[in-house]
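Residue numbering restarts at 1 for every chain, and letters A, B, ... go by the order of the sequence lines. Because only heavy atoms are used, hydrogens play no part in the values below, and waters and symmetry mates are left out as well, while side chains stay in.
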Amino acid sequence: MFDPKLLRTAEGLEMVRGNLARRGVVLDVARCSHLEQRRKKLQVEADELRNRRNTKSKAIGKTKASGQDIQPLLEEVAGLKSDLEKNESELGEVQTELESLLLGLPNLLHESVPDGSDEDDNLELRRWGQIRDFDFEPRDHVELGLLDFEAGAKLSGARFVVMRGDVARLHRALIQYMLNMHVEEHGYTEVYAPYLVGPRALQGTGQLPKFREDLFAVKGDKELYLIPTAEVPITNLVAGKLLEASDLPIKMAAHTPCFRSEAGAHGKDTRGMIRQHQFEKVELVHIVRAEDSHDALEQLTGHAEIVLQRLGLPYRVMALCSGDVGAAAARTYDLEVWMPGQSGTQDGGGSPVKGRYREISSCSNCTDYQARRMGARYRPEAGKKQTVPVHTLNGSGVAAGRCLIAILENYQQADGGVLVPDVLRSYMGSDRIPAAEACVG
RNA sequence: GGAGAGGUGGCGGAGUGGUUGAACGCACCGGUCUUGAAAACCGGCAAGGUCGAGAGACCUUCGAGGGUUCGAAUCCCUCCCUCUCCGCCA
């Protein structure tokens, strides 16, 4: 959530309303200011009542100690009790309502975010790499026959896959390669964390209360959810902490599976391995000082880009528009990798073109939004009292499943085999994945 | 699964109904000393909120939530978590 104090002044409210409107979110200004006024009035009254009660109770203690009669004081204080109870229950209601309203609102957008309503309005910032010119018709990763979607479906239904042999190994190699790079070269601490988390963690990063339907919940006596991204357990490692400025930045990298219900994506990307209920990802998380977060986003995005560069995969960097930035983020860069086998029509012209850029990493600056929700703060100046929320960032570095199919499609050979990118050969022990049986001839 | 112990400030750790928001130590900040640093010594130091120009005043918070009481870190109940021992087990 953003700073609740912003809802306490007319200027603040107007600023918030205007900012949220860019996302297409309508803020009920009247309701906010009404709730806020009630909150203030009730809170001041409650404080006053408690003050009187406390003062009298202390007097009782003293009077009793000096051996005098406390009966008159007891009578005085009796009346306060019911007033206070009534006031407190009302205040509780108002606070609960305000809090749930606040928890349901997205982060404020950074001024640099381009206006737009959906992904079509995202702004391309730059491209890297040379798109390969095929001397044969490139297949998509499904046609290469190296992935067993039927087996996945047999076990678990749609949007699951089974990999075997060289492909399974390539997938694992990718993960090892990425994680090693970030730890050894980019200064991240490797973290292993739970794949099942409770509701508090999910509220901290922003998936709850609003996006429950995107999650897989586990049946059992505990309320647990499969993580949709390592961002959830990793970022929440600083939940409830008061850090020193000298502790920051904290940079963590983790490889985890991710589980997503894809509830809102029926019929979308049903072919192939693009959109799965379960996929692997190497996630990068930064916990930084407030003034550093915009630089950190550039750095984090750069770390994800290097992965694609070393793998020789062409990509472009997109600045997400106001309608496409996720709820927790103030600003997001997506990395989209070139997939020559995907059908697309995006290169103008009208006639279908083979090949398409697909999201492979999403790097976000969540500013203080998650930090406030999870109570993660730091002291800007050692020895001083002031504390402020940390800024949190996360990004995929990168999604392993999509990266795998990008390699399959970009490095495919005429015979249906796939060349292994140079940097992965030592992990693979070979430079080539042979064509699947069905593809040969 | 059985038996027991415990959750207190940034950290460690006292505190069992009333001027205790909480001793003490560490860390941190300021100062003295020193050519400089360290050590030593002196002083300061919980967070969140409301009001206030400010000094400051007040409220809340001792795992979470209820309860008892004029008054709860302290007593009672429920839940969560941690630790120790035994059993079981990857």
Between A:K41 and A:E90, is there a side-chain N and carboxylate O pair less than 4.0 Å apart?
-> no
Looking at A:R159, A:R275, A:R260, which hits salt bridge (Lys or Arg N to Asp or Glu O under 4.0 Å) with A:D269?
-> A:R275
Ignoring hydrogens and angles, state whether a donor on the side chain of A:T367 or A:N107 is under 3.5 Å from an acceptor on the partner side chain.
-> yes
Please report, rounded to the nearest Å, how far the C1' atom of B:G48 is from the NZ atom of A:K241.
-> 20 Å
Among the candidates B:C51, B:A46, B:U19, find the nucleotide nearest to the side-chain atoms of A:K62.
-> B:U19
Rounded to whole Å, the CD-C1' distance (A:E244 to B:G9) equals 13 Å
Any luck finding a side-chain donor-acceptor pair between A:S246 and A:E244 under 3.5 Å?
-> no
Phosphate-side-chain proximity, A:R52 and B:C59, N/O vs OP1/OP2 below 4.0 Å = no
Taking atom C1' in both B:G17 and B:U74, what distance in whole Å separates the two?
-> 6 Å
So what does A:K5 touch, heavy atoms closer than 4.0 Å: a base, only the sugar-phosphate, or nothing?
-> sugar-phosphate
NA contact type, A:I60, heavy-atom cut-off 4.0 Å: base, sugar-phosphate, or nothing?
-> base
From the candidates B:C58, B:C51, B:C81, the one with an atom nearest any side-chain atom of A:K222 is B:C81
Looking across every strand, which nucleic acid part, if any, lies under 4.0 Å from A:K384 by heavy atom: base, sugar-phosphate, or nothing?
-> nothing
Give a yes or no on whether a salt bridge exists between A:D166 and A:R169, defined as a side-chain N under 4.0 angstrom from a carboxylate O.
-> no
Please give, in whole Å, the distance from B:A47 C1' to A:Y378 OH?
-> 17 Å
Looking only at side chains, do A:Q370 and A:T235 share a donor and an acceptor under 3.5 Å apart?
-> no
How about A:E280 and A:H255: does a side-chain donor come under 3.5 Å of a side-chain acceptor?
-> yes
Hey, does A:K64 reach any base, or is it just sugar-phosphate, or nothing, if we go heavy atoms under 4.0 Å?
-> base
Identify which nucleotide among B:U19, B:G71, B:C29 has an atom closest to any side-chain atom of A:A382, counting heavy atoms from C-beta outward.
-> B:C29
Mapping A:G61 and A:V44 onto RNA chain B by nearest heavy atom, which one lands closer to the 5' end?
-> A:G61
Nearest-Å distance once atom P is located in both B:U8 and B:G65 = 16 Å
Does A:S57 place a side-chain N or O at less than 4.0 Å from the phosphate oxygens OP1/OP2 of B:U69?
-> no
Applying a 3.5 Å limit to both distances, which nucleotide forms a Watson-Crick or G-U wobble pair with B:G21?
-> none
In the structure shown, which nucleotide is the Watson-Crick or G-U wobble counterpart of B:C28, with both distances under 3.5 Å?
-> B:G44
Separation of the C1' atoms in B:A73 and B:G7, to the nearest angstrom | 12 Å
Taking atom P of B:A27 as reference, at what distance in whole Å does atom CG of A:D247 sit?
-> 16 Å
Take the protein atom CG of A:L243 and the nucleotide atom P of B:A47, then report the distance between them rounded to whole Å.
-> 14 Å
Take atom C1' in B:G15 and the same atom in B:A72, then report the distance between them in whole Å.
-> 14 Å
Closest to the A:L242 side chain: B:G71, B:G10, B:G49?
-> B:G10
Just one of A:R53, A:K56, A:K81, A:R52 clears the salt bridge (Lys or Arg N to Asp or Glu O under 4.0 Å) bar with A:E76, so which one?
-> A:K56
So what's B:A3 paired with, Watson-Crick or G-U wobble, going by both distances under 3.5 Å?
-> B:U84
Taking the nucleotide of RNA chain B with the closest heavy atom to each, which residue, A:K56 or A:E48, is nearer the 5' end?
-> A:E48
Separation of B:G49 C1' from A:Q386 CD (nearest whole Å) | 16 Å
Output yes when A:K268 and A:E262 qualify as a salt bridge under the 4.0 Å nitrogen-oxygen rule, no when they do not.
-> no
Considering only atom P, compute the distance from B:C88 to B:A14 and round it to an integer number of Å.
-> 35 Å
What is the base-pairing partner of B:G65, counting Watson-Crick and G-U wobble geometry with both distances under 3.5 Å?
-> B:C77
Gap in Å between the two C1' atoms, one belonging to B:G31 and one to B:G52, rounded = 31 Å
Is there a Watson-Crick or G-U wobble partner for B:G9 with both distances under 3.5 Å, and which nucleotide is it?
-> none
For the pair made of NZ in A:K41 and P in B:G49, what is the distance, rounded to whole Å?
-> 23 Å
Scan side-chain atoms only and decide if A:D334 and A:S362 contain a donor-acceptor pair under the 3.5 Å cut-off.
-> yes
Base-pairing assignment for B:U16 (Watson-Crick or G-U wobble, both under 3.5 Å) = none
In whole angstrom, give me the gap between the P atoms of B:C42 and B:A27.
-> 15 Å
Determine the interatomic distance between C1' on B:C51 and the same-named atom on B:G12; round to the nearest Å.
-> 36 Å
Close N or O pairs between protein and nucleotides 60-63 of chain B (under 3.5 Å):
from, atom 1, to, atom 2, distance (Å)
B:U60, OP1, A:R53, NH2, 3.3
B:U60, OP2, A:N54, ND2, 3.3

Nearest whole angstrom, please: distance from the P of B:G49 to the CG of A:L91.
-> 15 Å
